[in-house]
Structures are given as C-alpha cells and as structure tokens.
Amino acid sequence: MSTNLQSAAVRAHANIALVKYWGKRDAALNLPAVGSLSITLEALATETQVRFDPNLAEDDISLNGERSEKAARRISKTLDLLRDQTQISTKALVVSRNNFPTAAGLASSASGFAALVSAAAQALDLSVSDARLSEWARRGSGSAARSIFGGFVDMAHGVAVDGSDSIARPLHEASHWPLEVVIAITSEASKKVGSTVGMDHTMATSPYYSAWVDGAEADLAAARSAITARDFDALAQVSEYSCLKMHASALAAHPGVLYWNAATTNGIHTVRELRQQGVPVFFTIDAGPQLKAVCEPSATAQVKAALAAMPGVQRVITTAMGPGVTRIEDFA
Ligand code: PMV
C-alpha cells in the first residue's frame, strides 16, 4: 500500500436521539438493549484525520489538542477492529477536534467514533459498506452508529450474538422534513456520570428498567410513522415520552442518577408552554444537563429567544439537520 493511501480525514456530525438508547444487551460488543431513532445535527461536527505510520511505536492520539490516556485506550481498541480486518499492526496518528463542548451531553462520542472509523477505513483503503462502518462505530459508542448517516436515522438493537445486525440505517433524508434544533447549554462542565456508567447502574438497580425496554419498540414505531407523515404533534408526544421514560428509569436507580440542573427543568416548562401556545417545539435531553428543543424552522427564532432569556442558560446553539460522514481533502 502506498503511503499516500494511508492517510484520510473526514467530518462527522453529532446526532440526538428522539427515541432514546439506554441499556446494553451485551457490554463487550456494546450491543444496545433497545433500538433508537435520531436526527443528525449540522452545526455540531468532529473533524478527524487518521494516518497509519510504520514509524510509530504506539498510536498517537490528540483530541482538541490534548492527550488523554483513557480516551486513547478506547480509540486504539476501535482502531484494532480495522487493523484486524486488514491484518496489519501499524500504529496511527489521530488528530481530532470538535467544534462544540466535549463530553457534556452533546454526543461528542457519537461524531467522534463515526469520524474515527470512517477516516481509518478510508486511510486503509478498505471498501466497506456504511452498515459495517456503523457496526464499528457502535463498538466505540452506541450512538456513534447513527452518526455515519445524515437526516433521520433508525438504529436496530439487533438480535445476532456477534452484533452484526446492531447497526443504524438512514430512514429519511433531512430534506424530507428539515427540522431545526435549539440547544440550550446550561453547563460546559464534563458530566459526572458518563452514559455507560449511567446505563449499567440503571440496568443493575432500577425497578423501572424492564418497563423502559418493554416500551421501546412501540415508541420507535410511533416515531417512524410520525416522521413519515411529518406529524409534528405526534413526534413531539413520542419524543418527550421516550426522553422522560429514559430519565425516569435512571432516576429510579439506586442511588438515582439525575442529569438535569435547574435550568434543564425550567427549559422543559418553557418548551411545553410554548407548545401549548401553538409553537411547534418539543424537548429532548441526553445524559447531561443541556436541553435540546426540536422545532419547525418557522419557530426557531422564537424558541431561541425564549431559551436564551432563561436564567442558567449560558448560550444557545442553533442547528439544522446535517449530513452523514463526508471526506475532507484539506485537513490542516
Ligand atoms: O453513545 P453513548 O454510549 O454515549 O449513549 C448515548 C445515550 C443517550 O445519549 C442518552 C441516548 C441516545 O440514544 O443517544
């Protein structure tokens, strides 16, 4: 393989789940206990360059200009999946940066691992399907499987023991129903309880966990129909339902896991009041304190103004729906 084929750079976008993933059916392969459904976000991007270099004794990994041993271990393990595929042991230089706060419930691991496997596969000149990339991304982070694709994305929990069917697939292009998202940043700090720890603890101790799993398929079906029909109210109902059930299962763990702060809770009330007044908006919240308000583009300015004016909201990010992974030719 010639040297110039061993380097590639890509951009991947974060996503937010409208029907949530919470819980694993296999920890080693990182297989989700439930399916999930997401939208990919234009404004939240990770850019990653991977270069396989025979002169390196170890993977050399920098994230936003910093080196973290814990993150590097997880990234090296994911790169090993691709190295095994090509039966090479060459180490890689990985340079990755986010244009948004890392590890604060803004799905940096989703765009991060989707970018990593895509850049590494391109660097190794592997001709693999998007489904396979989605499977590898999932090994790094469950939600990353969805960030391979743009628009509305459907992630299967799958049934295969080897996880080959625990992959995402594109459901509709963003142009089918170009929703927008206003993200209220209520804290820039790294979250205290990561999603894997929060899920494991919920599975092990929450009496609500089995009810959460039992309801997932019906929620997915309702969300798919709402999206196909562009029925905003139906999508609002099922998305808030899924989000609140996920958090309720975590709250009922022992001890309870609470990802929200006061501004997150106030944001829920603000969004619901707006919707009651006829504004097409609903909320969703992941394993962190940021509130994400999904709305029709006609409502974005009003939603943004309402959330930005709330005490405890540090800033707001507005985004359209975004594409899947794209190659970057001029990574600098
Ligand atoms: O991809 P992970 O392991 O960080 O888990 C993501 C979990 C949630 O963001 C809370 C829900 C989801 O489906 O993205």
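Start at 1 and go down the list; that is how both ligands and their atoms are numbered.
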Subject >> Non-neighbouring partners of Arg146 that pass side chain to side chain donor-acceptor pair (under 3.5 Å), sequence neighbours left out >> reply: Asn15, Ser36, Ser38
What donor-acceptor contacts under 3.5 angstrom involve side-chain atoms of residues 295-309, with partners at least two apart or in another chain?
{"from": "Glu296", "atom 1": "OE2", "to": "Trp177", "atom 2": "NE1", "distance (Å)": "3.4"}
{"from": "Thr300", "atom 1": "OG1", "to": "Glu180", "atom 2": "OE1", "distance (Å)": "2.6"}
{"from": "Thr300", "atom 1": "OG1", "to": "Pro297", "atom 2": "O", "distance (Å)": "3.3"}

**OP:** State, without any angle test, whether Lys91 and Ser76 hold a side-chain donor-acceptor pair at a distance under 3.5 Å.
**Re:** no
Subject >> Residues in side chain to side chain donor-acceptor pair (under 3.5 Å) contact with Asp330, at least two apart in sequence or another chain >> reply: none
Subject >> Residues in the immediate environment of ligand 1 (any heavy atom closer than 4.0 angstrom) >> reply: Ala17, Lys20, Tyr21, Trp22, Ser109, Ser141, Gly142, Ser143, Arg146, Ser195, Met199, Met246, Asp286, Ala287
Subject >> Heavy-atom pair of closest approach, residues Asp60 and Arg67 >> reply: OD1-NH2, 2.5 Å
**OP:** Could you tell me whether Asp80 and Arg83 make a salt bridge, using a distance below 4.0 angstrom between a side-chain N and a carboxylate O?
**Re:** yes
